[in-house]
Amino acid sequence: MPRDSERPRHTGRLLRLGALLAGIAVALSFPSMAPSPYELTVGIAILNFAVLSTSWNFVGGFTGYISLGHGAFAGLGAYATGLLVTKGELPSFVALFAAAALVAVLAIPVGYAALRVRGASFVIVSIALVLIMLLVFQSWASFTGGSRGLVVPRPFPGKLRSEHHEIFYFLFLGLLALALLAWWIIDRSRFGMGLKAIREDEDKAQSLGTPTYTYKLVVFVVSAAFTALAGGLYGLWFGDLDPVFQFSILSGAYMVLMALLGGVRHLYGPLLGAVVVGYGLEYSKLEYGDTPLHLVFAGLLLGVVVMFMPDGVIPAVTGLVARVLGTGETSIREVTAAELRDERDDREADVRPDHRPDHRPDGKRPDGKRDGKREVRQ
């Protein structure tokens with residue numbers, strides 16, 4: 001039984017575990033509960049958004065670098081997968097992982113150049129990457145199809161359309177689980193601690209010996225690889241690629257909005273943001289067609305988040321729960337200076353129980369004088 005002081009923390013863990021199990025149950029049973037194939041496609045679109053925003057959160061959540069150009073990696077993953085299938089004649093899923101590897105390799109020189117700047121300069125460089133890719137894939141029509149687009153063969157040609165959607169639903173769900181697991185492992189590693197130090201104060205982290213540039217480049221490549229996997233899987237599912245859609249600045253903006261809405265410092269923040277934003281976008285498109293009202297919805301939602309919940313929905317809710325239950329845990333574990341000092345004292349106590357190695361048990365110092373206040377002669 002937990003002690004009275006530990007009961008609030010224990011209750012918070014049980015609540016999180018219950019919410020996690022409930023979410024898994026709903027996600028696994030959604031295809032059987034969907035009333036029509038259209039609702040299933042909406043679920044796939046939301047899962048795609050969830051993978052993309054979680055992939056973006058490897059950079060945005062850990063380092064604090066805001067990239068609006070991650071749509072370029074998704075587009076490259078989609079086109080590389082499609083071209084390897086159509087022109088390289090590779091099996092669909094071999095092409096998917098080969099494309100992700102190619103994008104990861106390409107992300108090394110891109111990150112090497114982009115990560116040398118910070119703040120607004122980094123945002124501008126990320127936007128430039130999307131625009132360059134758009135121009136290249138539109139102009140190189142003989143190879144990419146240009147504005148005519150690129151048709152990708154279905155990986156399961158013998159399946160009905162509803163069965164095709166159901167298979168890809170679980171594929172996206174598995175990819176999301178893999179991305180969340182990777183994010184969770186990094187969060188609890190020494191590497192993740194260095195990334196969070198970069199987020200809080202990059203100059204101070206570098207002065208303390210953290211290889212900040214190497215850490216940023218590694219997580220940037222990991223983020224690009226997961227983004228490319230999501231883009232390639234989308235290309236195999238949707239089957240029709242268009243440069244204007246695949247290399248859109250809006251794609252990167254949606255990733256940022258979803259992560260900010262849920263909470264960039266939380267494991268499930270991008271997932272929650274993807275559910276809210278993804279469903280809202282699909283609903284507005286269904287109700288209002290090709291009008292730009294879905295952009296108005298996204299802009300209003302971003303304004304509400306920035307003004308009223310700057311840290312996201314999950315931090316706001318967990319803060320409220322913490323005040324009620326007396327807990328204060330987050331997904332990214334924060335450690336205060338007092339906690340670090342207490343841990344250091346505990347370690348020293350295990351090695352040197354008296355905490356005062358320069359004093360003998362009789363209270364005398366090695367120089368023969370007694371410990372205590374200095375005597376003042378009259």
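Just so it is clear, the structure is predicted and the values come from calculations on it, not from any experiment.
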Practice problem: Using the side chain to side chain contact (heavy atoms under 4.5 Å, CB included) rule, take L68 and M255 through it: C-alpha gap first, then chi angles, then the decisive distance, then the call. | Solution: CA-CA 8 Å; L68 293 178; M255 295 181 207; over 6 Å; no
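- Ionic pairing of E200 and R265 is present here: one or more N-O contacts between side-chain nitrogen and carboxylate oxygen are shorter than 4.0 angstrom.
- We find the OG1-CG distance between T54 and L47 to be 10.5 Å, quoted to the nearest 0.5 Å.
- Under the 4.5 Å side-chain contact rule for hydrophobic residues, I66 and I124 do not share a cluster.
- Within a 6.0 Å radius of CZ in F297, other residues, nucleotides and ligands contribute more than 12 heavy atoms.
- Here the straight-line distance linking atom OG of S189 with atom CG of L195 works out to 7.5 Å at 0.5 Å rounding.
- Taking each heavy atom of L241 and G235 in turn, the nearest pair found is CD2-CA, 3.8 Å.
- In this structure, A95 and L90 approach most closely via the heavy-atom pair CB-CB, 4.2 Å.
- The side-chain heavy atoms of T81 and V152, taken from C-beta on, include no pair separated by under 4.5 Å.
- The hydrophobic cluster containing I24 also contains L175, counting ILVMFWY residues as joined when their side-chain heavy atoms lie under 4.5 angstrom apart, directly or transitively.
- Of the possible polar contacts, none joining the Q246 side chain to the P243 backbone as a donor-acceptor pair under 3.5 Å is found.
- Among all heavy-atom pairs drawn from S142 and K87, the shortest one is O-NZ, 4.3 Å.
- Residues passing the ring-ring contact (aromatic ring centres under 6.0 Å, His included) test with F245: none are found, sequence neighbours excluded.
- Contact detail for E166 and L40: the closest heavy-atom pair is N-CD2, 3.6 Å.
- No more than 12 heavy-atom neighbours from other residues, nucleotides or ligands sit within 6.0 angstrom of CZ on R161.
- Annotation: side chain of T63 is not in contact with side chain of Y215 (no heavy-atom distance under 4.5 Å).
- In the model, W237 has no side-chain atom that pairs as donor or acceptor with a side-chain atom of H164 under 3.5 Å.
- Classification of R148 and D242 as a salt-bridged pair fails, no side-chain N sitting under 4.0 Å from a carboxylate O.
- The distance from atom CG of L257 to atom OH of Y254, rounded to the nearest 0.5 Å, is 8.5 Å.
- Residues D187 and K196 are in side-chain contact: their nearest non-hydrogen atoms beyond the backbone lie under 4.5 Å apart.
- Judged by distance alone, the side chain of S53 and the main-chain N or O of P270 form a donor-acceptor pair under 3.5 Å.
- Listed here is the closest heavy atom pair of Y169 and A27: OH-O, 2.6 Å.
- Between K216 and E202, at least one side-chain nitrogen of the basic residue sits less than 4.0 Å from a carboxylate oxygen of the acidic one, meeting the salt-bridge criterion.
- Other residues, nucleotides and ligands contribute at most 12 non-hydrogen atoms within 6.0 Å of the OH atom of Y112.
- A donor atom on one side chain and an acceptor atom on the other are not found under 3.5 Å apart for S162 and H165.
- Side chain of N57 to backbone of G61: a donor-acceptor contact under 3.5 angstrom is found.
- A donor-acceptor pair under 3.5 Å is formed between the side chain of S284 and the backbone N or O of G280.
- Under a 4.0 Å N-O distance rule, the pair R118/D203 qualifies as a salt bridge.
- Scanning both residues, T86 and P153, for their nearest heavy atoms gives CG2-CD, 3.7 Å.
- Around the NZ atom of K285, the shell of radius 6.0 Å holds more than 12 heavy atoms that belong to other residues, nucleotides or ligands.
- Taking the six-membered ring where tryptophan is involved, the planes of F247 and Y79 are essentially parallel, since the angle between them stays under 30° and well short of 60°.
- Hydrophobic clustering of Ile, Leu, Val, Met, Phe, Trp and Tyr side chains at less than 4.5 Å, counting indirect connections, unites L176 with F30.
- Residue F220 is tested with F62, F58, F73 for a ring-ring contact (aromatic ring centres under 6.0 Å, His included); the sole match is F73.
- To the nearest 0.5 Å, atoms CG (L173) and CG (L28) are separated by 6.0 Å.
- Under the 4.5 Å side-chain contact rule for hydrophobic residues, L135 and V125 do not share a cluster.
- Distance CD1/I167 to CG/L236: 12.5 Å, rounded to 0.5 Å.
- T210 contributes no side-chain N or O that, together with a main-chain N or O of T212, makes up a donor-acceptor pair within less than 3.5 Å.
- Residue E287 qualifies as enclosed at atom CD: its count of foreign heavy atoms under 6.0 Å is above 12.
- The neighbour count for F238 CZ, taken as heavy atoms of other residues, nucleotides or ligands under 6.0 Å away, does not exceed 12.
- Atom CH2 of W184 and atom CG of L267 lie 9.5 Å apart (nearest 0.5 Å).
- For F97, the CZ atom is loosely surrounded, since the number of other residues' heavy atoms within 6.0 Å does not exceed 12.
- The hydrophobic clustering, which links ILVMFWY residues whose side-chain heavy atoms are closer than 4.5 Å, places V317 and I314 together.
- The side-chain tip of R116 points at the ring of Y213 from less than 6.0 angstrom away and within 45° of straight on.
- No donor-acceptor pair closer than 3.5 Å links the side chain of S55 to the backbone N or O of S223.
- Around OH of Y288, the count of heavy atoms belonging to other residues, nucleotides or ligands within 6.0 Å does not exceed 12.
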